[in-house]
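A short worksheet on the structure shown next.
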Number of protein chains: 2
Amino acid sequence: MDFVIELKKRGHRITKPREVICSILETSGHEHFTVEKLHNLASRKDRNIDLATVYRTLELLEEVNIVEHSHQVHGSGIYYLKSEYDNSHIICESCKSIYDLKEETKKTINEILIKDSHFDSINHHFIYSGVCKKCK
Amino acid sequence: MDFVIELKKRGHRITKPREVICSILETSGHEHFTVEKLHNLASRKDRNIDLATVYRTLELLEEVNIVEHSHQVHGSGIYYLKSEYDNSHIICESCKSIYDLKEETKKTINEILIKDSHFDSINHHFIYSGVCKKCK
DNA sequence: TTCCATGCAAAAGATTTGCACGCAG
DNA sequence: CTGCGTGCAAATCTTTTGCATGGAA
């Protein structure tokens with residue numbers, strides 16, 4: 001899937017910054033990016049891309065349901081590809097590594113939430129934290 | 001339980017701002033406060049209490065395991081009493097109401113996470129969001 | 001008396017916004 | 001050619017920090 005095409009389809013223009021940011025995300029697997037990291041990577045691929053442009057592009061990609069963000073323990077955002085149950089992760093309080101949860105775990109939790117809460121649909125969007133094995 | 005006593009026990013001083021903030025939290029039930037709201041409430045109870053003092057007091061209460069915080073969709077913090085499984089909630093994307101999850105739900109999710117993730121202990125700290133019944 | 005906690009102001013960090021220009025369509 | 005998207009700078013919002021003073025113990 002080509003994210004810029006998705007943008008074009010919806011009437012947005014294809015620009016160099018958008019191409020660069022989309023290509024980083026497309027090849028990222030499940031990586032979770034701080035805005036700063038994404039900005040650095042993007043600026044390295046092209047001439048300097050403004051931080052504001054990175055924010056604006058991420059906002060756009062979020063509108064279009066390609067990207068999603070949540071917040072780290074200290075408040076700054078992390079952005080990553082959205083997929084049905086992929087909007088969750090667990091961060092090590094010690095080394096700050098971010099891991100994905102197993103598909104099965106995420107699916108189970110999602111089902112429990114829909115069943116038990118008084119919400120019919122849930123965009124789960126969460127961070128778990130703890131200390132991972134490496135840091136013990 | 002008296003939170004200021006808990007602070008005193010650990011060698012911290014009892015001051016008017018701490019008394020005021022503790023008393024608000026003690027009578028809050030499960031309410032989730034933005035720092036701004038807590039600051040307003042506290043300032044109304046006493047003379048003006050500085051925002052920095054609110055932050056410092058909340059940080060202290062978090063150290064002492066009385067309070068916990070997480071982040072709203074747009075990044076600013078919300079603070080609330082900590083209890084074993086009380087560090088989670090679900091926020092309506094439309095009216096911004098914050099609800100607690102059922103004890104049972106929270107407990108189940110916690111158990112699943114510990115069982116399935118490669119973390120041995122988890123300080124779950126998360127926000128779910130969706131659209132609540134009122135807003136449908 | 002001692003030194004911790006506060007208020008105030010300034011700093012720091014993250015994100016958003018206004019505006020003029022350049023480029024995509 | 002038209003107007004959307006960008007870069008730049010400034011503004012805004014949230015949280016943190018330095019420092020002198022006042023008050024708790």
Side-chain angles (χ1 to χ4, degrees), chain A residues 2-23 32-40 42-64 67-80 96 127, chain B residues 2-24 32-40 42-64 67-79 96 127:
Chain A
D2 202 352
F3 298 161
V4 278
I5 301 300
E6 188 61 32
L7 293 182
K8 187 164 192 176
K9 259 200 284 183
R10 311 217 184 193
H12 302 287
R13 292 184 180 172
I14 298 184
T15 64
K16 194 74 190 172
R18 285 177 182 174
E19 279 177 359
V20 171
I21 292 170
C22 284
S23 93
H32 296 68
F33 297 98
T34 61
V35 177
E36 195 195 355
K37 183 169 183 187
L38 210 39
H39 177 228
N40 284 158
S43 295
R44 207 172 303 152
K45 280 207 172 189
D46 196 40
R47 35 80 218 265
N48 272 12
I49 288 175
D50 199 76
L51 237 196
T53 301
V54 176
Y55 276 104
R56 284 187 278 226
T57 302
L58 287 170
E59 192 185 18
L60 182 64
L61 288 170
E62 218 162 3
E63 254 175 62
V64 171
V67 153
E68 186 176 32
H69 85 282
S70 53
H71 295 274
Q72 292 179 302
V73 176
H74 268 295
S76 55
I78 39 176
Y79 290 77
Y80 44 92
K96 308 299 178 199
I127 296 180
Chain B
D2 203 351
F3 297 162
V4 279
I5 301 302
E6 188 60 33
L7 293 181
K8 186 164 192 175
K9 259 199 285 183
R10 311 218 183 191
H12 301 286
R13 290 183 181 172
I14 298 184
T15 64
K16 193 74 190 176
R18 286 176 180 175
E19 278 177 358
V20 171
I21 292 170
C22 285
S23 94
I24 292 172
H32 296 69
F33 297 98
T34 60
V35 177
E36 194 194 357
K37 184 170 183 186
L38 210 41
H39 177 229
N40 284 158
S43 294
R44 205 171 304 152
K45 279 206 172 189
D46 197 39
R47 36 80 218 263
N48 272 12
I49 288 175
D50 198 77
L51 236 195
T53 301
V54 176
Y55 276 104
R56 283 187 277 228
T57 302
L58 287 171
E59 191 186 17
L60 182 64
L61 288 170
E62 220 163 0
E63 253 175 64
V64 170
V67 153
E68 185 176 32
H69 85 282
S70 52
H71 295 274
Q72 292 178 302
V73 175
H74 268 294
S76 55
I78 39 175
Y79 290 77
K96 309 298 178 200
I127 297 181

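Put simply, NE2 on A:His71 is 11 Å from P on D:dT15, counting in whole angstrom units. For A:Ile5 and C:dA24, the CD1 to P distance is 15 Å, given to the nearest whole Å. Summarising the geometry, the separation between CG on B:Leu58 and C1' on C:dT6 is reported as 15 Å, rounded to the nearest angstrom. Distance NZ (A:Lys37) to C1' (C:dA14): 18 Å, rounded to an integer number of Å. Going from atom CG of A:Asn48 over to atom P of D:dA9 covers 12 Å, rounded to whole Å. In this entry the distance linking CG of B:Leu38 with C1' of D:dT15 reads 15 Å, nearest Å. Spacing between atom NZ of A:Lys9 and atom C1' of C:dG25 amounts to 19 Å, rounded to whole angstrom units. The separation between B:Ile49 atom CD1 and C:dG7 atom P is 6 Å, rounded to whole Å.
In this structure, A:Arg56 does not pair ionically with A:Glu59, as no charged nitrogen and carboxylate oxygen lie closer than 4.0 Å.
Contact annotation: the side chain of B:Pro17 never approaches that of B:Asp50 to less than 4.5 Å [non-hydrogen atoms, C-beta and beyond]. Considering only heavy atoms from C-beta on, A:Leu60 stays 4.5 Å or farther from A:Val67 through its side chain. The closest side-chain heavy-atom distance from B:Lys45 to B:Ser23 is below 4.5 Å. Between A:Ser43 and A:Val54 the shortest side-chain heavy-atom distance does not fall below 4.5 Å. With contacts defined as side-chain heavy-atom distances shorter than 4.5 Å, the pair B:Ile24/B:Phe33 qualifies.
When the side-chain nitrogen and oxygen atoms of B:Thr53 are compared with OP1 and OP2 of C:dT6, none of them lie within a distance under 4.0 Å.
Under the 3.5 Å distance criterion, the side-chain polar atoms of A:Arg18 are matched with a main-chain donor or acceptor of A:Arg13. Side chain of B:Glu62 to backbone of B:His69: a donor-acceptor contact under 3.5 angstrom is found. Side-chain atoms of A:His39 come within 3.5 Å of backbone N or O of A:Ile49 as a donor-acceptor pair.
In the region residues 11-18 of chain A, proximity to DNA chain D at under 4.0 angstrom, judged on heavy atoms, holds for A:His12, A:Arg13, A:Thr15, A:Pro17, A:Arg18.
Atom CG of B:Leu51 and atom CG of B:Leu38 lie 10.0 Å apart (nearest 0.5 Å). Note that NE2 of A:His12 is 11.0 Å distant from OG1 of A:Thr57, once rounded to the nearest 0.5 Å.
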Under-3.5 Å N/O pairs linking protein and nucleotides 16-19 of chain D:
from, atom 1, to, atom 2, distance (Å)
D:dG18, O6, B:Arg56, NH1, 3.4

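If one axis is set at each end of the helix from C:dT1-D:dA25 to C:dG25-D:dC1 from five pairs, those axes are 30° apart, to 10°.
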